[in-house]
Structures are given as structure tokens and as C-alpha cells.
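Residue numbering restarts at 1 for every chain, and letters A, B, ... go by the order of the sequence lines.
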Number of protein chains: 2
Amino acid sequence: MPSREDFPPSTAPEREEAGGRGSRKQRTREALLEAALRLMREGRSFTGLSLREVTREAGVVPTAFYRHFHGMEELGLALVEEGGVTLRRLLREARRTDVQFTDMIRGSVLVYKRYVEDNRLQFLFIAGERAGGSQQIREAIRREVTHFTNEMAQDLRGLGAFPGLSTGTLQMICGLVVNCMLNAAIDILDLPLNQPQQEQELLDNFVRQVRLIFLGAQRWKEKSPERGAAAEKTA
Amino acid sequence: MPSREDFPPSTAPEREEAGGRGSRKQRTREALLEAALRLMREGRSFTGLSLREVTREAGVVPTAFYRHFHGMEELGLALVEEGGVTLRRLLREARRTDVQFTDMIRGSVLVYKRYVEDNRLQFLFIAGERAGGSQQIREAIRREVTHFTNEMAQDLRGLGAFPGLSTGTLQMICGLVVNCMLNAAIDILDLPLNQPQQEQELLDNFVRQVRLIFLGAQRWKEKSPERGAAAEKTA
DNA sequence: AATTAAAGTCAACACTTGTACACTGAAACT
DNA sequence: AGTTTCAGTGTACAAGTGTTGACTTTAATT
């Protein structure tokens, strides 16, 4: 059975035109993805969603789902990819707006908080399924996060922040920061509304943690400078 | 409708005797908890389990479930409590075996790895649902983790490791370490078997991260020593 | 205008799910 | 002994699930 194209193999979700204009298929595909995210708003995890629920929320009949994904798993992977894009966009924006605060770390943290709130659903998904979902999704997320981490390390190097440190070490440090960030994201996301004091404490804590990491980084001494320079999870 | 006792209110799961001996009720209760954990072995998340599945695995009829819990949510909370116990036991054991390695951090990390593997299911549950499950479970886990963190901070103080640091700061630091630990737990748990190199890289990275944190801690200077000494999440 | 590809619909299936209710049987108390 | 309590069973049901195959509609290609 030929089945000429089967599926756009999960990657390459956006080719703006396939023969006409905005393409209808694309639109419902996005509707499905969006619907899934939307259903996770009130504390539900992706793993707990049913295919039918998603189609219902998207305003499509259940069977239409299969024109886009083989099953929920594949939809999840597509969401991971979307999330990865969101993460990298965060870096891109951070790169432009070189925060010229009196306190750079605090500034960045505030920007980050804003970003998390603006992209609430994506972060909910990524942070939530990072340790929870299926093996496959978990690994996909890990890949994206590692990617993000490495890019961040490279930026740090470009900034000339820690000239003495090897790439491997920078990656290790950024891994720590990213970890911190994702953890904070969860906390930020289920902050009770209008509790500015609790919010303040949370952010303070976050700032101090990042500060401590960088303090450690400043004092870090390489042992054997290049033994495994790129020895992160670049398996 | 009186319903004299309704349920042992989720806490106090063990009163060894309620009028006789080891009590039968207790045994199936434990069977249920254990069954739930067991079902999570192959990468499934707690949220994705059904009540019936659990009872099936426990070798009990579905309706028997209600003699012990109001629903899966409550069973989840019981598991959190169990997990909390496991966490605190880790600290207790660490307290006794003051690792006298040439490299103390590496030693502790190895002990930790062993502990995670020995209590695989509990860690799977805690790390997995920390960001994934229902709001209630998430919060319960957060409480346990905070508890663990604070206890660890106190231990660190007792050890006289960082005499200059306030309790609040110690908690902040331990929060960082615990975060690192839970993250590592996930990585450890879905390590592919018999890949000693990947395992080694993972552990190395973990060790270096903890080392960096402590390096930062050594250099940490308090700003206003007691402004919010106990200002962690002790809300 | 006729043809064709395929996104979306409809109806139906074989299951699984959570929960209600009446029951049984064994221990515990009198 | 007889009675009571209650963990565990059996049956049943309404609702939701993933997936099927045959269909209609839309829109691009000839």
C-alpha cells in the first residue's frame, strides 16, 4: 500500500502553502494542538487527556484527528517541538534586550517571569511532562531542553562572561540554571492570584539561587581543562 | 446519615491495631498503594492510571477500593506521604554514614544514586507528579520536598559547614541542591541499561553541579543578615 | 467542466471506565 | 450463644474511550 506521503513526519509542521494559500489542513492541525494546550489550563496533565476530548475542544469530529496525527503520542511530540521553539525565542529576545539594570540577574528573572506568564500553556506542558509523560515525550523534551541549555552556554561564552571556563563547564552551569528556571516556572504558574507577598518571596529566592550559581561559576577552577570539553548529553 | 468515622482522614495510615492484630484492612490498603506504584514501572504516570486498573493489579474487586480511599486522588495523597517518609529516611541514613571519602560530594552522590535505584518506584512517583498531577497532589509533594529541604538545611547547620550563613540562606542553597537531586533522579531512572559511559557522564555532571553550588555557598555574603531569616516557603 | 485527492463527517463497534446497590462472610463484642 | 460491624464480592448501568470503514464535501489539477 503506497499511501504516498502518509504524514508530514511530525517535523516540518509549517510550509505556508502547499498548493493554494494558508491551507485548511494546517488550520485544524493547529486547532488540535491549541485545543490540547487549552485543556491543560485547569491543572490537568497532558497524559490525562483523551483523543476525543481534544477533538471536541477543537470543534472537529474524532475521526478527523487521524488526518493529522497517528495518536495522542504524536500530537504530544508536536507540542514538544512547539515548546522548543518557544524556549529558543526566549533566548533570542533576551539576546536583543541586553538588560541594563543596576541588577542584571534580577532584571532577567523578571523578564523570565513575564515570559512564562505570557506563554503559560507551553510552559505548563513542558515543565509538566518533563518528568511525567511517556518515555518518548520525556526524551523529546529532554532533547529540547538540552538544546536550549547549550545555546545558552554559547551565548554566555559570546558575552565573554566567564572567559576561563571550558564549553563543557559552561554547559554544566547553564544546565543548573535551566533546571532552576523550569522549577521556578512551575511555582510561578501555580501561584495563587493576588498574593504579592508570596510572589515576592518566590522571585527573591529564585534570584538568590541564580546569583549563587554565578558566584560559584566565578570561582570555578577547571581541573583538566579539556578532558571531555563537549561531554554534555550530546550523545 | 451519621457514617460514624467515614475514613481515617488520609493521614495516620498506620495504627497497627484497631481492635485485633495486624488488621486485614491494612493489608489490602497497602496492596492498593503498592499496585499503583507497580503500574508506574514502565513509564506510565500516576495521572494516567485508572481506579479499576489499580484494583485489578492489587487482586481486589473495583468496589473494594472505596473502603480505603474516596478516589484516586486520595490514594495519590497517601503515596505522597509514603514518599515523604522515604525522603526523610534518606536523610537519616546519610546522617549516620558520614561518608569519609577523599571526595565527600562524589561519595554522597553515589550513595544517593544507589538510594534512588533502590526506591525506584517512589522516586518515579514523586519526581513524576511533582509538576504533573493534580493541583492537590502537586502541592502535597511541594510540602514534602520543602520539609526535606529544611531538614537538610538544619543538618548542614549542625555539621557546621557554613557557619556564616543564615538559616534562610541555607534553605535557599538546599533548595537548589534538592532540585538538582530530583532532576538527577529522573535522569538516573530512565538511563538505558548497561550504558556505563552515559551513566558516568550523568553522575559526573551531577557531582560538578553540586560542587559548584557549594563553591558558591562558600563565597556567599549575606546582605542584611536577618531580614527574613526564615523567609522560605514556611507559609 | 470534469476529474481527482484528501480533509472532514457519520454511524457503529467492542471496550473500559467510575460508581451505586444489595449481598456475603468472617471476625469482634456482647 | 447470638448480634453487629464492615472489608470484600457480584451485578449492573450509563457514559466515555480508541478505531473501523464507507460517505460527503471542498478545493486544487487537468
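As rounded to whole Å, 17 Å separates atom P of C/dA27 from atom CZ of B/Arg67. Between B/Glu73 atom CD and C/dG18 atom P there is a gap of 14 Å when expressed in whole angstrom units. Rounded to a whole Å, the CZ atom of B/Phe65 is 17 Å from the C1' atom of D/dT9. Atom pair A/Phe69:CZ and C/dA7:P shows a separation of 12 Å (rounding to whole Å applied). If you measure from atom CD of B/Glu74 to atom P of C/dT19, you get 12 Å, rounded to the nearest angstrom.
Not a single donor-acceptor contact under 3.5 angstrom links the side-chain atoms of B/Thr63 to the base of C/dC21.
Taking every heavy atom of both residues into account, A/Ser45 and B/Gly132 meet most closely at CB-O, 3.3 Å. A/Ala36 approaches A/Leu79 most closely through the heavy-atom pair CB-CD1, 4.2 Å. Scanning both residues, B/Cys180 and B/Gln209, for their nearest heavy atoms gives SG-OE1, 3.3 Å.
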Identify the pairs formed between an N or O of the protein and an N or O of nucleotides 16-18 of chain D at a distance under 3.5 Å, and give each distance.
{"residue": "D/dT17", "atom": "OP1", "partner": "A/Ser50", "partner atom": "OG", "Å": "2.6"}
{"residue": "D/dT17", "atom": "OP2", "partner": "A/Arg56", "partner atom": "NH2", "Å": "2.6"}
{"residue": "D/dG18", "atom": "OP1", "partner": "A/Leu51", "partner atom": "N", "Å": "2.8"}
{"residue": "D/dG18", "atom": "OP2", "partner": "A/Leu51", "partner atom": "N", "Å": "3.4"}
{"residue": "D/dG18", "atom": "OP2", "partner": "A/Arg52", "partner atom": "N", "Å": "3.1"}
{"residue": "D/dG18", "atom": "N7", "partner": "A/Arg52", "partner atom": "NH1", "Å": "2.5"}
{"residue": "D/dG18", "atom": "O6", "partner": "A/Arg52", "partner atom": "NH1", "Å": "2.9"}

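A salt bridge (charged side-chain N to carboxylate O under 4.0 Å, His left out) with A/Glu117 is found for exactly one of A/Arg114, A/Arg120, A/Lys113, namely A/Lys113.
Looking at which nucleotide of DNA chain D each of A/Pro62 and B/Ala64 is closest to, the 5′-most match is held by B/Ala64.
Among the heavy atoms of the strands lying under 4.0 Å from A/Thr28 are primed sugar atoms or P, OP1, OP2 only; no base atom is included.
An OP1 or OP2 oxygen of C/dG8 is reached within less than 4.0 angstrom by a side-chain nitrogen or oxygen of A/His68.
Atom CD of residue A/Glu73 and atom CG of residue A/Leu51 lie 12.5 Å apart, to the nearest 0.5 angstrom.
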With side chain to side chain contact (heavy atoms under 4.5 Å, CB included) as the criterion, how do B/Glu144 and B/Arg88 come out once you've worked through the C-alpha distance, each side chain's angles and the decisive distance to 0.1 Å? CA-CA 9 Å; B/Glu144 292 293 342; B/Arg88 266 163 276 147; 2.7 Å; yes

